[in-house]
2 protein chains.
Amino acid sequence: MAKNITIAQVAEQAKVSKSTVSQYLNKRYEYMSESTRQRIEAAIEELNYHPNSIARSLKQKSTYTVGVIVANILHSFSTQILRAIENNFNANGFHIIICNADDEPEKERNYIEMLQAKQVDGLIIFPTGGNLDLYEQMHKQNFPVVFMDRKIDGLEINTVMLDNHRAAQLAIDAFVESDYKRISIITTSIIRNTSPRVERIEGYRQALEAHGLPVREEYIRTADAANIQNELNELFALDAPPEAILAGNDRVLLEVLKYMKEHQLVIPDDVAVIGIDEVAFASFYTPPLTVVTQPTIDMANKATELLLEQIKSENKTAKTAIHRLQPSLIKRGSC
Amino acid sequence: MAKNITIAQVAEQAKVSKSTVSQYLNKRYEYMSESTRQRIEAAIEELNYHPNSIARSLKQKSTYTVGVIVANILHSFSTQILRAIENNFNANGFHIIICNADDEPEKERNYIEMLQAKQVDGLIIFPTGGNLDLYEQMHKQNFPVVFMDRKIDGLEINTVMLDNHRAAQLAIDAFVESDYKRISIITTSIIRNTSPRVERIEGYRQALEAHGLPVREEYIRTADAANIQNELNELFALDAPPEAILAGNDRVLLEVLKYMKEHQLVIPDDVAVIGIDEVAFASFYTPPLTVVTQPTIDMANKATELLLEQIKSENKTAKTAIHRLQPSLIKRGSC
DNA sequence: CTGTTAGCGCATTCAA
DNA sequence: TTGAATGCGCTAACAG
């Protein structure tokens, strides 16, 4: 690669000093004559000069960059959030570095460390939950962080997440309204006790109780994606198989639909189904799929706002909180 | 944020010079006694020191980071490629910065400039096609770049993309084999004359001709996603409406399926459908969807290989080429 | 084996 | 208005 041209070469070409060029770059035009301004402009153009932001950052202690570590980039929830977050930060003059932890705490640890080494100004993390020490350390150092989607108990870190109890409740209410009584919930469990999963199950229990329905433990299933088919087999081998299934996320929903198809069970006649998270094909599936959606844009906006606030407020420890956003039910034909 | 500790403080704490600490950090342990090594280790631990990679990069002229600019992060093709690329680069000690150009050339321009300012070691771009001057400039400067998914004519830049002619041909062959004769193709056109779209249509024409079938211009449709429903309406208002539809990508496929559902057309009896790009629900849709897939992992691997080669070979201009990977047909029930 | 020195490219005083 | 000097944190000779 052609060796980089520096501010010094521009200065030489324009016959001024480096600092004058620097002033120009920072748009402080008052500090120079019109003619020198034009000479600098011309020099930059001729040399095709581009400031080295590495050097600038080193000096300024700020990179105008934030890192985003998603738990799993293959989830459409993640990509929707990412897209919105990126737009937000761009609008504020920040860049984002996206990393994919693949649900692995070690990867998450690596990313947190590398991003801090790269001096990002802040971090948005979908935490795996496997690096408590690191989370704690960032908090102690007052490093700007916000968690997304999952909370970590006992840590004063701003968190943006869904009201998961409510999400389960919306689904159960819909089932009950359609007169289903034997309702099952299935979630993935690859990851440790991740809060959305736990809360969705809690919400499920509470909602059933609120409707005076019995909670049967055998209707509550968690398994990683590869084993969901087995769980479904067990479920339908029960004396009283469920009449309705709540799929804890999009990944689970896919497995459930696959199972239904393979076993020629028709939705909703044989079994009703609701999924948490909207999927692209929901509206034209047979039957159209009832679904509980997350307000991804709002969540991204909130996270952006919280992080920028922390970045700008420097050391002042702002109060932290868990921000719960509300899901909504899109009633279609699967229940 | 707690003010950063530097190599100097570690040196002081360990009672050695900065350079010795630097040696330690770079794992050149031969250059120091066992005892100083341990003192340094202890000091780093105590101070919780982390090297500032910004400073290191400034000195070394290498950031061990590459940028990836995708055309549209909402396409599952993009996220699959991203995931694989990230794994590859991580395995080679590189980090990646992901950017989403949203199909907008100006955004792409901004990203290319900012990534170069951040001194990334190379770039993988799904080019919008709207910044020829920049592409050319990077090539002239011998800056490591590889294009993904789309080629730009007249530029000697390594490119990894699908054999799009073959992709269309596979689909047409399948249609013809099932005895469909009136075959339509629909693609999106938001983006300028993007090569995949053009090539898929070319492949469609060639394949029809190879089978001795007439090419009817009214069966060839391009529109941005929002207008595909209109195109379909026109298509089915024709005297001889198509018996089969090839959807040029996953986005188009969604629109086609939606249309079928809304107009109660049954697949494949009323109309057969094949999509280019695999979708999550293909295998259990009613009917299961026949699809042409891209070898995303292989494509990511090839791109990684090409870019790393360029990065490592410094100035030596390696020969560039367009690498075409082969699609494959997954025959299911929609044709 | 260890310490001294001199930059990397830029921004920021402070004088002139 | 302009320019010289200093330092951000780290690496890389080069001496000792």
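Keep in mind the model is a prediction, meaning the values are calculated, not measured. Proteins come first, then strands; the chains are lettered A, B, ... in the order of their sequence lines, and each starts at number 1.
The pair Arg109(A)-Glu106(A) does not count as a salt bridge, with every side-chain nitrogen at least 4.0 angstrom from each carboxylate oxygen.
For the side-chain contact (heavy atoms from CB on, under 4.5 Å) with Thr304(B), the lone residue among Leu307(B), Leu306(B), Leu308(B) that qualifies is Leu308(B).
Of the two residues near DNA chain C, Gln23(B) and Asn52(A), the one whose nearest nucleotide lies more 5' is Gln23(B). Along DNA chain D, the nucleotide nearest to His50(B) and the one nearest to Arg39(A) differ in position, and the one closer to the 5' end is contacted by Arg39(A).
Residue Thr20(A) places at least one side-chain N or O under 4.0 Å from the OP1 or OP2 atom of dG3(D). Using a 4.0 Å cut-off, some side-chain N or O of Ser33(A) falls inside it from OP1 or OP2 of dT2(D). An OP1 or OP2 oxygen of dG9(D) is reached within less than 4.0 angstrom by no side-chain nitrogen or oxygen of Thr6(B).
When the C1' atom of dA12(D) is taken as reference, atom NZ of Lys59(B) falls 6 Å away, rounded to whole Å. The CZ-C1' distance, from Arg56(B) to dG9(C), rounds to 18 Å in whole Å. Atoms CD (Glu30(B)) and P (dT2(C)) sit 12 Å apart, rounded to a whole Å. Note: CE (Met32(B)) to C1' (dT11(D)) measures 13 Å, nearest angstrom. Rounded to whole Å, atom P of dC10(C) lies 11 Å from atom CD1 of Ile54(A). Across the protein-nucleic acid pair, Ile7(B) atom CD1 and dA12(D) atom P stand 11 Å apart, rounded to whole Å. Rounded to whole Å, atom C1' of dA12(D) lies 20 Å from atom OH of Tyr24(B). One atom, NZ of Lys27(A), and another, P of dA11(C), lie 12 Å apart when rounded to the nearest Å.
Within the 4.0 angstrom heavy-atom criterion, base atoms lie near Lys18(A). Using a 4.0 Å heavy-atom distance criterion, Arg28(A) is classed as a sugar-phosphate-only contact. Residue contacts shown for Tyr29(B) are absent, as no nucleic acid heavy atom lies under 4.0 Å away.
Of all nucleotides listed (dA11(C), dG9(C), dT1(D)), dG9(C) comes nearest to the side chain of Leu58(A). Comparing dC10(C), dC8(C), dT2(D) by their closest approach to the side chain of Thr36(A) singles out dT2(D).
The two residues Cys99(A) and Leu115(A) have their closest heavy-atom pair at SG-CD1, 4.1 Å.
For dT5(C), its base never sits under 3.5 Å from the side chain of Ser19(B) at any donor and acceptor pair.
Val70(B) is listed as a side-chain neighbour of Leu82(B), based on a closest heavy-atom distance under 4.5 Å.
Less than 6.0 angstrom separates the ring centroid of Tyr24(A) from the ring centroid of Tyr29(A).
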